[in-house]
Amino acid sequence: MDALERITCLIIGSGPAGYTAAIYAARANLKPVLYQGIQPGGQLTITTEVENYPGYADGVQGPEMMVHFEKQAARMGADIRYGLATKVDFSSQPYKVQIDEEKWIEADSVIIATGASARWLGLESEQRLNGYGVSACAVCDGFFFRGKEVAIVGAGDTAAEEALYLSKLCTTVHMLIRRDAMRASKVMQKRVLQSPNIKIYWNTETDEVLGEKHVTAVRIRNNKTGEKQEIPVSGFFVAIGHEPNSAIFKGMIDMDEAGYIKTIPGTSKTNVEGVFAAGDVQDKIYRQAVTAAGSGCMAALDAERYLGAKGIH
Ligand code: NDP
């Protein structure tokens, strides 16, 4: 068998967390290798305009911003590669990571920045109009619907928070809830129910998002009475949860019951020495590009200290 490639600092994932980790690790001369994963650039590549990332005074398109991140990491000397981590073995050091179900590499430190994926309803129209009125992030896209009517699906804390956020921008928020109860915490439920321009539809499911080039309405159905209705809206927000992209790490690292990787508060350290996590794979609360980037920076600094203390770097 050929000798395995040995990497000092392996970064898995290419969203803001992964690229920021790569920028810092490269500048610290850790010679990072970053594998981009299945969706180079991450979730921002499926959004349109980003207006809340500091430094872009005029806003920037999500995909363009991720090209900037990549270029900056490459300019600092990070080795950026296509490829998906398909298996890991953290049982002994150096850690082993398999790429594209073929090649195994060895790493002295690993930064996990594999992100999360929004859950979708699975409607064809939802996919077709994604970015054209359909969004899974109110904080990212709500601004574009100022003074308009929107609908939001979901009844957890995220949906409640996003409905409240949208209610400050939009004339009416139609909140579509599939049961006769909300999953969100009591305090969030109360806020939603007391909000005069959030209209709740209980026992309601979405049959179709309507619109040719952009969203114009949503067709809903009451799952108790079967009654159908079309509501004219410009925006359709889906807030039915996220899935952290952590499946390959199961059994290797501590996670919560939803699969988010646990980090020691205030650090990027996981329970496995030398393995760090950054961005949405370990954050179910903030989920912003800027917070992901910040935690990517933390992971690179933690890795640098770890490698230094081990005498590897
Ligand atoms: P949750 O899993 O808590 O809620 C998902 C919601 O989407 C539920 O209301 C669920 O309905 C609904 N849903 C799921 N699938 C469908 C579907 N196909 N059609 C219609 N509705 C659907 O996800 P969240 O993202 O809201 O929250 C994730 C975690 O993060 C939670 O633990 C939450 O408390 C936490 N969080 C905390 C925040 C805070 O503290 N500030 C902010 C945001 C999240 P049903 O209830 O019927 O299953």
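Start at 1 and go down the list; that is how both ligands and their atoms are numbered.
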If you have a sec, work out which protein heavy atom is nearest atom 7 (O) of ligand 1 and how many Å separate them, to one decimal?
Ile240 CA, 3.3 Å
When you measure from the side chain of Thr270 to the backbone N and O of Val275, does any donor-acceptor pair fall under 3.5 Å?
yes
Between Asp207 and Arg221, does any NZ, NE, NH1 or NH2 come within less than 4.0 Å of an OD or OE carboxylate oxygen?
yes
What is the nearest protein non-hydrogen atom to atom 41 (N) of ligand 1, stated with its residue, atom name and distance?
Glu161 OE2, 3.0 Å
Would Glu149 and His174 count as having a side-chain donor-acceptor pair, cut-off 3.5 Å?
yes
What protein heavy atom is closest to atom 40 (O) of ligand 1, reported as residue, atom name and distance in Å?
Ile285 CD1, 4.0 Å
Is it the case that the side chains of Gln282 and Thr263 hold a donor-acceptor pair, with the cut-off being a distance below 3.5 Å and no angle test?
yes
Would you please test Tyr53 and Phe69 for ring pair (Phe, Tyr, Trp, His ring centres under 6.0 Å) and show each step?
CA-CA 12 Å; Tyr53 199 90; Phe69 269 75; 5.7 Å; yes
State whether a side-chain donor-acceptor pair under 3.5 Å links Asp280 with Gln43.
yes
Identify, for atom 8 (C) of ligand 1, the protein heavy atom at the shortest distance, and state residue, atom and that distance.
Arg183 NE, 3.6 Å
Just jot down the ligand 1 atoms closer than 4.0 angstrom to any heavy atom of Arg179, in number order.
45 (P), 46 (O), 47 (O)
Among all protein non-hydrogen atoms, which one is nearest to atom 16 (C) of ligand 1, and what is the separation to 0.1 Å?
Arg178 NH1, 3.3 Å
Which residue supplies the protein heavy atom nearest to atom 23 (O) of ligand 1, what is that atom called, and how far is it?
Gly241 CA, 3.8 Å
Give me the nearest non-hydrogen protein atom to atom 29 (C) of ligand 1 as residue plus atom name, then the distance to 0.1 Å.
Lys284 CD, 4.1 Å
Any N/O of Gly156 closer than 3.5 Å to an N/O of ligand 1?
yes
Atom CZ of Arg27 with >12 non-hydrogen neighbours under 6.0 angstrom
no
Check whether any protein heavy atom sits under 4.0 Å from atom 33 (C) of ligand 1.
yes
N/O donor-acceptor pair under 3.5 Å between Thr20 side chain and Ala17 backbone
no
Quick note on ligand 1: atoms under 4.0 Å from a heavy atom of Val153 include exactly 20 (C)
Is there a polar contact between ligand 1 and Ala155, counting only N or O atoms under 3.5 Å apart?
yes
Within 45 degrees of the ring normal and closer than 6.0 Å to the centroid, is that where the cationic atom of Arg146 sits relative to Phe144?
no
Before you tell me yes or no, could you show the steps for Phe145 and Phe237 under ring pair (Phe, Tyr, Trp, His ring centres under 6.0 Å), namely the whole-Å CA-CA distance, both residues' side-chain angles and the distance that decides it to 0.1 Å?
CA-CA 11 Å; Phe145 302 95; Phe237 289 85; 5.5 Å; yes
Between the side chain of Thr204 and the main-chain N/O of Ile177, is any donor-acceptor distance below 3.5 Å?
no
Can you list the atoms of ligand 1 that are under 4.0 Å from a heavy atom of Leu121?
17 (C), 18 (N), 19 (N)
Return yes or no for this condition: an N or O of Arg119 is under 3.5 Å from an N or O of ligand 1.
no
Heavy atom of the protein closest to atom 28 (C) of ligand 1 (residue, atom name, distance)
Arg287 NH2, 4.3 Å
Checking heavy atoms under 4.0 Å, the part of Met182 that sits near ligand 1 is neither
Contact region, Leu176 to ligand 1, non-hydrogen atoms below 4.0 Å, reads neither
Which residue from Asp283, Thr158, Asp157 reaches closest to atom 24 (P) of ligand 1 through any of its heavy atoms?
Thr158
